[in-house]
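Please read the structure below before turning to the comments.
Order of the sequence lines sets the chain letters (A, B, ...), proteins ahead of strands, with each chain counted from 1. Keep in mind that what you see is a predicted model, and the values were worked out from it rather than measured.
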2 protein chains.
Amino acid sequence: MAGKDRYKFDSKIHVYRATRRMTQQELADLVGVSRQTIMQLERNRYNPSMLLAYSIAKVFDVTIEDLFDFKEEGKDA
Amino acid sequence: MAGKDRYKFDSKIHVYRATRRMTQQELADLVGVSRQTIMQLERNRYNPSMLLAYSIAKVFDVTIEDLFDFKEEGKDA
DNA sequence: ACAAAATGTAAAAAATATGTTATAATCGAG
DNA sequence: CTCGATTATAACATATTTTTTACATTTTGT
C-alpha cells in the first residue's frame, strides 16, 4: 500500500450515491461488501483495493478517476 | 476479498514498462514500493490498492483504466 | 560461452483493508 | 417530541496486500 504516498484522494461516493438516492446498504449490496466498508470509504478515506474501487465506479457508470478525486500530497483541490 | 468478485483484470504494466525501457526496479523506486510488488502485479495479478494503481498509472501518464484491462468474470478479452 | 543484469519463485513476517457486531448519533416523517 | 431509518464510531477478528530475504532462471551484451 505504498507507505509514504505521493498521492491522496477524496471519495465522491456519497455524491453519486445521493444523486441516485441510494443508501449505503444498497450500494454495499450491489458491490458485495459490508455497509461499513462503504461508510469508511466515504468517511475515513482509507485506500480501497483497485477492484473494489472499480466495482463501485461501475455501479455509477463512471471511471475510478471520476469517483475519486486524486491529488498530490500537500496540495489543495 | 478476491472471493466472489464480479470483475477481474489484466495488468499492462509490463507493456508500458517495456515501451519506456524501464526496469521493474526503476518503476518500483519511482512508485516507492518493492520490486516484488511490481513483479507480482505483472505476473500473479493480485489486487493492488487503488493508490498504488494510481501511482503507477501516473508514472506512465495514463489512467488506471488504461493500465489495467478490466473485464467481467467469465468473459474473455 | 561468459558475466552481468533483469526477471521469476517462494515463504514468512508486517501492514492494512475488510468483516462483524454492537452501540450511538443524526435526520426526516408523522 | 418520538419512531424508524440511515449513518457514524469503535473494538476485535479475519483476509489480503506488501515487504523482506534469499535463491533460481532467463535475458542481454560482449
Kindly write out the residues that satisfy side-chain contact (heavy atoms from CB on, under 4.5 Å) with A:Arg20, not counting sequence neighbours, or none if the list is empty.
-> A:Met22, A:Phe60
CD of B:Gln40 versus C1' of D:dT21: gap in Å, rounded?
-> 13 Å
Integer-rounded Å distance: C:dT7 C1' and B:Leu41 CG = 15 Å
Letter by letter from the 5' end, nucleotides 21-30 of chain C scores (B base, S sugar-phosphate only, - none; protein heavy atoms under 4.0 Å) BB--------
If we fit an axis to the first five pairs and another to the last five of the helix from C:dA1-D:dT30 to C:dG30-D:dC1, what angle do they make, to the nearest 10°?
-> 60°
Return a table of donor-acceptor pairs under 3.5 angstrom between the side chains of residues 9-16 of chain B and protein atoms on other chains or two or more places apart.
| residue | atom | partner | partner atom | Å |
| --- | --- | --- | --- | --- |
| B:Asp10 | OD2 | B:Lys71 | NZ | 3.1 |
| B:Ser11 | OG | B:Ile13 | N | 3.1 |
| B:Lys12 | NZ | B:Asp66 | O | 3.1 |

A:Phe70 and A:Tyr7: ring-ring contact (aromatic ring centres under 6.0 Å, His included), yes or no, with the steps?
-> CA-CA 7 Å; A:Phe70 293 97; A:Tyr7 299 104; 7.6 Å; no
Can you name the ring-ring contact (aromatic ring centres under 6.0 Å, His included) partners of A:Tyr46, sequence neighbours left out?
-> none
Nearest 0.5 Å, what's the CG-OG distance between A:Leu27 and A:Ser55?
-> 10.0 Å
In whole Å, what is the span from the CG atom of B:Leu52 to the C1' atom of D:dT18?
-> 9 Å
C:dT18 OP1/OP2 closer than 4.0 Å to side-chain N/O of A:Thr37 | no
Select one nucleotide: of C:dG19, C:dT9, D:dT17, the one nearest the side-chain heavy atoms of B:Arg43.
-> C:dT9
DNA chain C-proximal residues of residues 15-28 of chain B, any heavy atom under 4.0 Å | B:Arg17, B:Thr23, B:Gln24
Can you list the residues that meet the side chain to side chain donor-acceptor pair (under 3.5 Å) rule with A:Arg35, with sequence neighbours excluded?
-> A:Gln24
Rounded to whole Å, CG of B:Asn47 lies from P of C:dT18 at a distance of 8 Å
Nearest-Å distance, CE (B:Met39) to P (D:dT21)?
-> 16 Å
Taking only N/O atoms, report every protein-nucleotides 27-30 of chain D pair under 3.5 Å with atom names and distance.
none

Can a salt bridge be assigned to the pair B:Lys8 and B:Glu72 using a cut-off of 4.0 Å between side-chain N and carboxylate O?
-> no
Pairwise side-chain contact, A:Ile56 with A:Ile38, heavy-atom cut-off 4.5 Å (strictly under) = yes
Whole-Å gap separating C1' (C:dA6) and CD1 (B:Ile13) | 17 Å
Short side-chain N/O contact from B:Tyr46 to OP1 or OP2 of D:dT18, under 4.0 Å = yes
Here the distance between atom P of C:dA17 and atom CG of A:Leu51, to the nearest Å, is 16 Å
Sequence-distant partners of A:Ser34, side-chain contact (heavy atoms from CB on, under 4.5 Å), two or more places apart = A:Gln36, A:Thr37
Measure across B:Leu67 and B:Ala53 and return the closest heavy-atom pair with its distance rounded to 0.1 Å.
-> CD2-O, 4.2 Å
For D:dT18, does OP1 or OP2 lie under 4.0 Å from any side-chain N or O of B:Ser49?
-> yes
Test item: B:Asn47 side-chain N/O and A:Leu51 main-chain N/O as donor-acceptor pair under 3.5 Å | yes
A:Gln25: what forms a side chain to side chain donor-acceptor pair (under 3.5 Å) with it, not counting sequence neighbours?
-> A:Asp29
With sequence neighbours excluded, residues passing side chain to side chain donor-acceptor pair (under 3.5 Å) with A:Glu26 = none
